[in-house]
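Below: one structure, written as structure tokens.
Numbering of residues begins at 1 and proceeds along the displayed sequence.
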Amino acid sequence: MHTFRAIAPVLSRCCWGVFFALAVLETFYDIPRFLAWVFLLSGPVVKYVSTRAPKNLVLPPPVEVAPPVTGRWLAMNSPADKVPSHGTPAYGQSHAIDISREPADGSRPAFGWWPLSRPNRDFPAFGAPLLAVADGTVVSACDTQRDHRSRNSWPALVYLIIEGVFRDIAGPKRIIGNHVTIDLGGGRYALYAHLQRGSLRVREGDRVTAGQVLAACGNSGNTSEPHVHFQLMDDASPLHARGIPFTWTGVGVPANNETFTSPASAPAAAGPDRSETAPAG
């Protein structure tokens, strides 16, 4: 099963590629129409089989780490409400959480019909500093993708869904956008997704300490608005990782639509001794 999981992403993309090729060739040649649809349906099936959790899977206890942000935030797609929190365990996100900055004055733009999209500067989360949740080593860091405009309207949401299909075909980097991954040791990795373009303050190989600023919140990748996507996983690569439960020191795991405040002086959980660190990958 592990070998199948390793080749499944390539196999899934091949199915999509064959589908598009057959769809074009049907216009010029007498090819059975059902063949293209077979490959179209095979892609999602391969992905589902390769990412579903084993039966009777026993999850480890939640790993306690410090919050990745300070200030007042709103939780969305939280593992406190359901697992997998994002509807799929793919890319190690079974216990991932999304959070958006939620000032008490209600200045975060509401979801609605108009305007169709907004500039990122309209959202309080955009540019907010993201902090290391524990001591560790940077194993992956990228901040070259653009920050697109928001998709926080009903018409734009339809566009986001369609866009997401093509991003998924392109691979996890187009889904998570700009990101940084920290090796916390003991086979545990923290992933921060959707970072602001050009905001990284660390690079691969850097040692970081709990509370250190890593980058800024952005709106890159598969997002509806500037927000932080955070998850713990058991592998440095989201393609091969499974999600790990977490809890934030002093906060816990906020539920969907629950606001929480993380003060700048929040205690930071220390990472395990580096002698326990498992090899990346």
Side-chain angles (χ1 to χ4, degrees), residues 63-73 91-93 96-103 119-148 150 172-186 188-223 225-233 235-238 241 246 248-251 260-272 274 277 280-281:
V63 176
E64 182 176 354
V65 292
V69 294
T70 61
R72 191 174 188 267
W73 293 75
Y91 306 139
Q93 60 183 340
I97 191 171
D98 293 331
I99 57 174
S100 183
R101 203 162 198 173
E102 187 77 359
N120 291 314
R121 62 177 179 274
D122 287 358
F123 295 85
F126 190 69
L130 305 182
L131 314 177
V133 296
D135 299 345
T137 302
V138 178
V139 293
S140 177
C142 172
D143 68 349
T144 58
Q145 296 184 45
R146 71 182 182 91
D147 294 288
H148 57 73
S150 76
K173 286 188 177 181
R174 293 299 173 183
I175 293 288
I176 63 179
N178 298 325
H179 63 279
V180 60
T181 304
I182 309 296
D183 179 0
L184 306 182
R188 297 172 291 189
Y189 301 82
L191 170 69
Y192 306 68
H194 313 314
L195 308 183
Q196 183 180 1
R197 185 177 188 177
S199 69
L200 276 170
R201 298 194 185 183
V202 295
R203 60 184 179 180
E204 293 180 16
D206 284 355
R207 284 283 302 173
V208 298
T209 57
Q212 179 179 336
V213 176
L214 304 174
C217 174
N219 197 35
S220 58
N222 194 50
T223 63
E225 66 177 76
H227 73 279
V228 180
H229 174 104
F230 174 83
Q231 66 188 51
L232 292 186
M233 51 191 185
D235 193 283
S237 169
F246 72 90
W248 286 331
T249 304
V251 173
F260 66 95
T261 300
S262 175
S265 58
R274 299 310 297 173
T277 303

Which residues pass the side-chain contact (heavy atoms from CB on, under 4.5 Å) test with [X], sequence neighbours left out?
| X | result |
| --- | --- |
| Pro129 | Val213 |
| Arg121 | Pro119 |
| Thr209 | Asp135, Gln212 |

Pairwise distance [atom1]([X]) to [atom2]([Y]) - rounded to 0.5 angstrom:
| X | Y | atom1 | atom2 | result |
| --- | --- | --- | --- | --- |
| Cys142 | Leu200 | SG | CG | 7.5 Å |
| Phe123 | Glu102 | CZ | CD | 11.5 Å |
| Leu214 | Leu130 | CG | CG | 7.0 Å |
| Asn178 | Lys173 | CG | NZ | 11.0 Å |
| Asp98 | His194 | CG | NE2 | 6.0 Å |
| Ser140 | Ile176 | OG | CD1 | 7.0 Å |

[X] versus [Y], closest heavy-atom pair with distance:
| X | Y | answer |
| --- | --- | --- |
| Thr70 | Pro263 | CG2-O, 3.9 Å |
| Val202 | Asp206 | CA-OD2, 3.5 Å |
| Cys217 | Pro226 | SG-C, 4.0 Å |
| Asn219 | Phe126 | N-CE1, 4.2 Å |
| Ala215 | Leu195 | CB-CD1, 3.8 Å |
| Val133 | Tyr192 | N-OH, 3.0 Å |

ask   = Run the side chain to side chain contact (heavy atoms under 4.5 Å, CB included) check on Tyr189 and Leu184 step by step: do they pass?
value = CA-CA 6 Å; Tyr189 301 82; Leu184 306 182; over 6 Å; no
May I ask you to decide if [Y]'s main-chain N or O and [X]'s side chain share a donor-acceptor pair within less than 3.5 Å?
| X | Y | answer |
| --- | --- | --- |
| His148 | Ser220 | no |
| Asp147 | Arg197 | yes |
| Ser262 | Gly71 | no |
| Glu204 | Thr137 | no |
| Asp235 | Ala241 | no |
| Asn222 | Ile175 | no |

ask   = What pairs with Gln196 under side chain to side chain donor-acceptor pair (under 3.5 Å), at least two apart in sequence or on another chain?
value =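 Side chain to side chain donor-acceptor pair (under 3.5 Å) check on Gln196 returns nothing, list empty.
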inquiry  = List the residues meeting side chain to side chain donor-acceptor pair (under 3.5 Å) with Ser199, not counting sequence neighbours, and say none if there are none.
reply    =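 Listed in chain order: nothing, the list is empty.
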Do [X] and [Y] come within less than 4.5 Å of each other through their side chains, counting heavy atoms only?
| X | Y | value |
| --- | --- | --- |
| Val139 | Ile182 | no |
| Asp122 | Asn120 | no |
| Arg188 | Leu232 | no |

key: More than 12 heavy atoms from other groups under 6.0 Å of CZ on Arg72   =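 Yes - once you tally the heavy atoms of other residues, nucleotides and ligands closer than 6.0 Å, there are more than 12.
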request  = Mind telling me whether Phe246 and Phe230 have parallel, tilted or perpendicular rings, with 30° and 60° as the class edges?
outcome  =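 It falls in the perpendicular class, over 60°.
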Any donor-acceptor N or O pair under 3.5 Å, side chains Gln231, His229 =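 Indeed, the side chains of Gln231 and His229 share at least one donor-acceptor pair under 3.5 Å.
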Glu64-Thr249 side chain donor-acceptor pair, cut-off 3.5 Å =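 Yes, Thr249 and Glu64 have a side-chain donor paired with an acceptor closer than 3.5 Å.
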request  = Start with the C-alpha distance between Trp248 and Val65, add both sets of side-chain angles, then the distance that settles side chain to side chain contact (heavy atoms under 4.5 Å, CB included), and finish with yes or no.
outcome  = CA-CA 5 Å; Trp248 286 331; Val65 292; 3.8 Å; yes
key: Residues in ring-ring contact (aromatic ring centres under 6.0 Å, His included) contact with His179, at least two apart in sequence or another chain   =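 His179 satisfies ring-ring contact (aromatic ring centres under 6.0 Å, His included) with no residue once adjacent residues are dropped.
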